[in-house]
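See structure below.
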Amino acid sequence: MSDELKRGLEGVLVAESELSHIDGDEGRLIYRGYEIEDLARDATYEEVLYLLWHGELPERDELKAFSTSMAEERELDDVVLDTVRDLAEADENPMAALRTVVSHLSAFDEDTTFDAEGVTDREANVRKGRRITAKIPTALAAFNRVRNGNEPVSPREDLSHAANFLYMLNDEEPDDVLAETFDMALVLHADHGLNASTFSAMVTASTLSDLHSAVTSAVGTLAGSLHGGANQNVMKMLKEIDDSDLDPKEWVDTALDEGRRVAGFGHRVYNVKDPRAKILGEKSEELGEAAGDRRWYEMSAAIEEYMGETKGLAPNVDFYSASTYYQMGIPIDIYTPIFAMSRAGGWIAHVLEQYEDNRLIRPRARYVGDEDLEFVPLDER
Ligand SMILES: CC(=O)SCCNC(=O)CCNC(=O)[C@H](O)C(C)(C)COP(=O)(O)OP(=O)(O)OC[C@H]1O[C@@H](n2cnc3c(N)ncnc32)[C@H](O)[C@@H]1OP(=O)(O)O
Ligand SMILES: O=C([O-])CC(=O)C(=O)O
């Protein structure tokens with residue numbers, strides 16, 4: 001047993017996976033062998049889900065059957081929809097609301113079981129995974145509508161996963177640019193090795209707990225500002241700069257002087273620019289160009305340049321997703337739930353993989369507390 005301490009499990013190999021691979025020095029990301037640039041350009045989110053869950057790219061008829069089976073699962077049970085309304089009316093934080101809803105879904109899933117054999121049944125888990133992935137967008141869009149005083153919009157089966165979400169969010173069918181941009185963002189966020197939320201899902205699954213529990217754990221883990229929560233902090237920063245007299249460099253200097261981290265920079269695995277940030281940066285610029293307002297892209301690019309010069313840090317995926325979503329008119333506090341909406345596909349794929357060859361995940365801590373203390377009964381303390 002090694003006593004070497006690896007804080008934050010940095011660099012520790014804990015599993016074998018066929019799902020995604022990151023080359024942190026080259027800035028390269030692949031899903032099951034396919035380059036992220038190729039998938040972002042040419043594959044839909046549904047194709048990527050099929051790839052992750054079933055191991056290969058689908059043929060046309062396979063994709064059609066898969067997409068239809070997902071679209072048919074979009075409706076929420078009335079009781080779940082009531083919970084969404086209650087959470088929205090209570091002004092719950094959107095990630096907390098999503099965490100509650102994912103957990104609640106298990107009560108209405110016909111495949112729910114807690115016996116050890118049942119929880120690892122691959123076919124049942126693919127069905128459960130399909131339902132969870134299909135219902136998250138419906139719940140999220142309904143939550144956002146209700147908290148703004150609007151009625152939820154029922155899902156449509158004839159739209160893609162991406163287009164249907166925007167339709168339910170805005171009660172308006174998105175144009176092709178919006179639908180394609182959003183679909184691409186979903187593709188880019190679908191999987192990323194053993195990031196913290198995926199690992200959290202795997203730890204939960206490794207105890208032979210069920211898929212809904214694993215995804216619920218993952219939603220809670222993604223929410224933090226060091227992980228998925230950074231995307232909304234990026235947009236808050238851009239707006240703060242825009243509202244102030246400071247230029248981006250001055251804002252960054254102040255933040256760094258105060259010992260704060262600049263959201264959207266740095267990464268545990270990438271030593272260079274995250275390839276997803278490159279793609280989203282181009283999208284952000286295109287959207288600004290089309291709207292005749294390059295402000296958000298230019299501010300972001302200035303921060304990127306300055307962070308590189310002063311700290312040697314490059315942007316991660318959360319940096320340019322922020323200005324991309326903002327220019328698509330998406331409310332800032334649902335950027336992280338949108339990340340979850342996509343990453344659900346990756347979490348489920350990793351849980352399926354974990355169940356295939358399960359071993360309880362249980363590391364150790366080096367004990368640095370007291371020893372040999374004499375116990376004094378309560379009355380004598
Ligand atoms: C989808 C995602 O989860 S991508 C990541 C999203 N999170 C963020 O964008 C939040 C900002 N970034 C960070 O906090 C970090 O870069 C993390 C959490 C992503 C990675 O952290 P780690 O691998 O643990 O790196 P660690 O925290 O040890 O940082 C290394 C050094 O870089 C500095 N650093 C890292 N990121 C930043 C940042 N964004 N701003 C300022 N300094 C930073 C740290 O202060 C530290 O400096 P020090 O050695 O002088 O103390
Ligand atoms: O891999 C990580 O640690 C964080 C990340 O970029 C992701 O989850 O997409």
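Excluded from the calculations below are hydrogen atoms, water molecules and symmetry mates; all remaining heavy atoms, backbone and side chain alike, are included. Indexing begins at 1, ligand by ligand and atom by atom, following the structure's order. If you read the sequence from its start, that first residue is 1, and numbering goes on from there.
The closest side-chain heavy-atom distance from E180 to M184 is not below 4.5 Å. The shortest distance between side-chain heavy atoms of R122 and E356 falls below 4.5 Å. Within the 4.5 Å cutoff, side-chain heavy atoms of L360 are placed close to those of T207. Taking the side chain as every heavy atom from C-beta outward, Y297 and E289 never approach each other to under 4.5 Å. Considering only heavy atoms from C-beta on, P152 stays 4.5 Å or farther from M168 through its side chain.
Protein non-hydrogen atoms do not reach within 4.0 Å of atom 31 (C) of ligand 1. For atom 1 (C) of ligand 1, the nearest protein heavy atom lies under 4.0 Å away. For atom 4 (S) of ligand 1, a protein heavy-atom neighbour is found at a distance under 4.0 Å. Per-atom contact check: atom 50 (O) of ligand 1 does not touch the protein, criterion being a heavy-atom distance below 4.0 Å. Protein heavy atoms are found inside the 4.0 Å sphere centred on atom 16 (O) of ligand 1. Within a 4.0 Å radius of atom 7 (N) of ligand 1, the protein contributes one or more non-hydrogen atoms.
The minimum heavy-atom distance between R359 and S206, with the atom names listed, is O-CB, 3.6 Å.
Rounding to the nearest 0.5 Å gives a distance of 10.5 Å between CZ of F66 and CD of E47. Rounded to the nearest 0.5 Å, atoms CE (M202) and OG (S17) are 7.0 Å apart. Summarising the geometry, atom CD belonging to E305 is positioned 10.5 Å from atom OG1 belonging to T310; distances are rounded to the nearest 0.5 Å. In this structure, NE2 in H227 is found 6.5 Å from OG1 in T198, a value given to the nearest 0.5 Å. To the nearest 0.5 angstrom, I348 atom CD1 is 8.5 Å from H212 atom NE2. To the nearest 0.5 angstrom, F265 atom CZ is 6.5 Å from I303 atom CD1.
Per-residue contacts place K311 under 4.0 angstrom from the following atoms of ligand 1 (heavy atoms of the residue considered): 42 (N). Against a heavy-atom cut-off of under 4.0 Å, S225 is close to the following atoms of ligand 1: 7 (N), 10 (C). Annotation for ligand 1: atoms under 4.0 Å from non-hydrogen atoms of V317 are 1 (C). Close approach of ligand 1 to G264 (heavy-atom distance below 4.0 Å) involves ligand atoms 8 (C), 9 (O). In summary, the atoms of ligand 1 found under 4.0 Å from a heavy atom of A230, numbered by their order in the structure, are 6 (C), 7 (N), 8 (C), 9 (O).
In terms of protein heavy atoms, atom 40 (N) of ligand 1 is closest to V262 N, 3.0 Å. Taking atom 19 (C) of ligand 1 as the reference point, the nearest protein heavy-atom neighbour is G266 O, 3.8 Å.
Distances between N or O atoms of L226 and those of ligand 1 include at least one value under 3.5 Å. The distance criterion of under 3.5 Å between nitrogen or oxygen atoms is not met by L256 with respect to ligand 1. In terms of N/O distances under 3.5 Å, ligand 1 is not approached by L313. At least one N or O atom of F265 sits closer than 3.5 Å to an N or O atom of ligand 1. Considering backbone and side-chain N/O atoms, R260 never comes within less than 3.5 Å of an N/O atom of ligand 1.
Within the 4.0 Å heavy-atom criterion, neither part of E10 lies near ligand 1. Contacts with ligand 1 closer than 4.0 Å are made by no heavy atom of A196, backbone or side chain. If you look at F339 next to ligand 1, the close heavy atoms, those under 4.0 Å, all belong to the side chain.
Looking at N271 and D25, their side chains do bring a donor and an acceptor atom within 3.5 Å of each other.
If you look at ligand 2, the protein residues with a non-hydrogen atom under 4.0 Å away are H192, N195, H227, H267, R276, F339, R343.
Considering each of M307, R268, R261, H192, the one bringing a non-hydrogen atom nearest atom 22 (P) of ligand 1 is R268.
The distance between the ring centers of H189 and Y335 does not fall below 6.0 angstrom.
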Problem - Verdict with supporting geometry, K128 and D210, salt bridge (Lys or Arg N to Asp or Glu O under 4.0 Å) - result: CA-CA 10 Å; K128 285 194 263 187; D210 65 301; 5.4 Å; no
Handout entry: Full working for side chain to side chain donor-acceptor pair (under 3.5 Å) between W347 and S197
Key = CA-CA 8 Å; W347 294 329; S197 53; 3.1 Å; yes
Exercise for the section: Give the C-alpha distance, both sets of side-chain angles, the deciding distance and a yes or no for side chain to side chain donor-acceptor pair (under 3.5 Å) between E240 and W251. Expected result: CA-CA 9 Å; E240 207 177 300; W251 193 96; 3.2 Å; yes
